[in-house]
Enquirer: 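My questions will all concern the structure given below.
The figures here come from the full heavy-atom set of this structure, side chains too, leaving out hydrogens, waters and symmetry mates. Everything numeric here is computed off the predicted structure, so don't read it as measured data. Atoms within a ligand are numbered from 1 in the order they appear, just like the ligands themselves.
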Amino acid sequence: MFFKIKSFGLTGLNAFPVTAEIETSKDLPDFQIIGLADAAVRECRERMKSAFRSSKLSFPEERVIVNLAPADVKKTGTVHDLSIAMAIAMTQGWIRGCDTERSAFIGEVSLGGEVRGVRGVLPMTILAREQGITDIYVPEENAAEASVVDGVNVYGVNCLRQMIEHFSIGGRLTVQPKYTPADEELKHTADFCDIKGQELAKRALEVAASGGHNALLIGPPGSGKSMLAKALPSILPRMTFEEAIAATNVYSVAGEIDPKHPLVSERPFRSPHHTVSTAGLSGGGSVPRPGEISLAHNGVLFLDELPEFSRNALEILRQPLEDGKVTISRAAGSVTYPSSFMLVAAMNPCPCGYYGHPTRKCTCNRKKVETYLSKISGPMLDRIDINVEAASVEFEDLSSGRKAEPSEAIRERVQAARDIQNRRYEGTPVTCNAKLTPDMMSEVCVMTDSAKTALRRVFEAYGMSARAYDKVLKVARTIADLDRSDVIDTKHIIEATGYRTLDKKYWSQ
Ligand SMILES: Nc1ncnc2c1ncn2[C@@H]1O[C@H](COP(=O)(O)OP(=O)(O)OP(=O)(O)O)[C@@H](O)[C@H]1O
Ligand SMILES: [Mg+2]
C-alpha cells in the first residue's frame, strides 16, 4: 500500500513543502524513515511506536518505509511527526474523508501521544495557503498563530488519538476562529510626560521614531537616558500588516509567539544586556535560531551602556545595519534572517560619566576618555543618523510639578509623518526615510536653494563623508515630513546637521 501526506519543513525563515510517502509490504515487521533526515527525525521511529502504543492504537505488524520527499533537502527536528503518524494511520484503513491533496499536517508527537508545539508554524501556514492547501492540522498551542493567515482552515490538535478519531469517527476537531488583533489601548509602562526637561533628546527621539533612524543618546549619569529609551515604544508608529507579519514570522521561527497575542502587532523593543553573547545577538545554534537583532526586526534594538558591549558584538551589527539582514553560516549551510531595526543606544562620555559636563569635573585622564570612546568605532558612529546629548536636568525642571507633553500627543505627530512616508513609498521596498535607497534620494529629497547652500557650508566645515551627507538628507526629509513640507528647507537641514555634529565634540580631538 502506498500513501502520501503533506507537511512542511523550515530553513531559516523559509518554509518548504515536504511529502511523507509511506509504503507497507507483507514482510518481516520493520520501520524505516529515509530522505536526508537528521537524528531528531530518525528518532521519530521510536516516538511513533511508543505514541501509538500509549494511544491504544495498533502499530502495523509489517514492513513500513517512510520517505520524506524531496530526498535531497535536509529535514530537521520533529515537525514531520504528525504527517508520519497520519500516513501510518492511512495504511491501517482508519482514515476516511480526508482530502490528502488539500490537507497538511505539522507537529511533534510525544512518546505519550500528545501533540507538541513546533517552531515556524506561521511561515509554513503562509506557504500552505499559497500551495492550495485548504485544511492545516497543527499543534493546539500553535493554532492561534496559524489562524493569523487568511483563506485556510486551521485545526489545533492536542493528541494523536484525537486526530485519528476525527477522521475515523468524526467531529473531534473544530476550525480555529480567525485571530483578529483587538484594538486594545496600548499600555506602556513609561510615558514621556514623566521625563522632566530633556526637550532636545525628546525631539531627537521623535524624529528618530518618525523616520526609523538610528539614534545615540550621550550624557552624564542619571540624566534620564535609559528612561528616555524605555519610553520610546510609547511613541513608535503603528506597524503595517505586512510589517507585523514579517516580525511575527521571526518570532514564530524563534518559538517565541505568545498564544494570547499570536500576531506581533506592536513594534518589537529588544534591549539585550551588554553581556549578551555574539550568538545571542546575531542568532546561532546548530540549527540557527534568530537572535536579538532579528527579534528586533521592524522594531527597536536598544543597547544601553553601548561601550560595555564587546567589540565583536558591535562589529556584528554592521552588516544588518546596512543591509537589514543577517547571515549565519554553519557547516550544514547558511541561513539568512531579516534584521531591519532601528538602533537606539545610550552611553556616558567617559568612565566617570562627566567628561564635557558644564559644572562637574571629570576625574578621568585623557587616555582613559579616549580608550572609552574608541570602543565605538568610526564605521559604527557613521551608521548612526542622530546623535543627541542628554544633559543634566536643571533643578527648576525637576522641582516643578508640571507634567511634560504625553507620549500620545507625540505619537500622533510621529504617525502622521509615517503615514506620509507610507504613501510616498507605496509599491517600493522602502518602508521609511531611514531605509531610502540611493537611487530614490534625489527624487525624494528635494531641497530649496537656501537649504542646499546651508548643507554645503556644514559639509565643508565638518569634512563630512558621503554616507554622512546621505544620512543628513534622510533625517532632514523626516523633519520636513513632521513639518508636512514637500521640500526640504533650511531649518530642516539645520536641525538635521545638528544631530550629526555632536560626535565631533567627543570623538575628534
Ligand atoms: N529627566 C528626568 N526626569 C525625571 N526623572 C529623571 C530624569 N532623569 C533621571 N531621572 C530619575 O533618575 C533615574 C535614573 O535615570 P536613568 O537611569 O534614565 O539615567 P541614565 O542617564 O540612564 O544614567 P546612567 O548613565 O547612569 O545609565 C530615573 O529612574 C528617574 O527616577
Ligand atoms: Mg542608563
Side-chain angles (χ1 to χ4, degrees), residues 187-209 214-236 269-276 281 292 296 300-310 313-314 317 341-365 368-376 380-381 384 386-411 499 502-503 505-507:
K187 285 180 203 70
H188 295 287
T189 42
D191 195 293
F192 272 55
C193 71
D194 297 320
I195 304 171
K196 309 269 168 64
Q198 298 304 6
E199 298 310 328
L200 251 174
K202 284 185 191 174
R203 166 70 183 174
L205 287 181
E206 176 178 338
V207 174
N214 302 325
L216 172 66
L217 296 164
I218 184 163
S223 56
K225 301 180 296 297
S226 303
M227 209 178 167
L228 279 160
K230 283 179 190 140
L232 186 62
S234 65
I235 65 161
L236 290 177
F269 182 86
R270 306 291 299 193
S271 51
H273 190 253
H274 58 72
T275 54
V276 67
L281 203 56
E292 288 292 335
V300 174
L301 180 72
F302 173 48
L303 302 183
D304 206 357
E305 318 290 351
L306 189 65
E308 304 297 333
F309 283 79
S310 73
L314 295 184
L317 296 178
F341 53 84
M342 175 181 157
L343 174 71
V344 176
M347 64 182 284
N348 300 127
C350 67
C352 85
Y354 293 100
Y355 176 71
H357 195 275
T359 50
R360 271 187 79 152
K361 197 167 158 36
C362 169
T363 56
C364 313
N365 61 34
K368 247 173 131 180
V369 177
E370 274 172 16
T371 315
Y372 191 75
L373 290 173
S374 70
K375 290 183 184 168
I376 319 298
M380 182 75 195
L381 267 183
I384 294 175
I386 294 181
N387 296 313
V388 69
E389 205 158 14
S392 298
V393 198
E394 303 286 333
F395 179 78
E396 279 69 30
D397 284 327
L398 281 177
S399 57
S400 87
R402 255 183 300 121
K403 283 252 180 200
E405 191 181 25
S407 290
E408 203 39 52
I410 305 174
R411 191 191 178 117
Y499 297 134
L502 175 77
D503 50 339
K505 169 171 169 185
Y506 294 109
W507 274 275

Enquirer: Excluding sequence neighbours, so at least two apart, what forms side-chain hydrogen bond (donor to acceptor under 3.5 Å, both in side chains) with S407?
Expert: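 side-chain hydrogen bond (donor to acceptor under 3.5 Å, both in side chains) check on S407 returns D191, S234.
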Enquirer: Can you see which heavy atom on Y354 is nearest to which on R360, and at what distance?
Expert: OH-NH1, 3.4 Å
Enquirer: Are L317 and L301 packed together at the side-chain level, in the sense that at least one heavy-atom pair is separated by less than 4.5 angstrom?
Expert: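 Yes - at least one pair of side-chain heavy atoms lies under 4.5 Å apart.
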Enquirer: Is any side-chain heavy atom of L216 less than 4.5 Å from a side-chain heavy atom of M347?
Expert: yes
Enquirer: With 2.8 Å as the limit, jot down which protein N, O or S atoms are around the Mg ion (ligand 2).
Expert: S226 OG
Enquirer: So E305 and N348, do their side chains get closer than 4.5 Å, heavy atoms only?
Expert: yes
Enquirer: Give the residues near ligand 1 by chain and number, with the criterion being a heavy-atom distance under 4.0 Å.
Expert: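 Near ligand 1, by chain and number: D194, I195, K196, Q198, P220, P221, G222, S223, G224, K225, S226, M227, E305, N348, V393.
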Enquirer: Evaluate the side-chain proximity of P233 to V300: yes if any heavy-atom separation is below 4.5 Å, no if none is.
Expert: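 No, too far: nothing below the 4.5 Å cut-off.
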Enquirer: Check ring pair (Phe, Tyr, Trp, His ring centres under 6.0 Å) between Y372 and all other residues, then give those that pass, not counting sequence neighbours.
Expert: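 Not a single residue meets the ring pair (Phe, Tyr, Trp, His ring centres under 6.0 Å) criterion with Y372.
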Enquirer: Provide the closest heavy-atom pair for C352 versus P221 in the form atom of the first, atom of the second, distance.
Expert: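 Here C352 and P221 meet closest at O-CG, 4.0 Å.
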Enquirer: Using a 4.5 Å cut-off on heavy atoms from C-beta on, say whether the side chain of L343 contacts that of M380.
Expert: yes
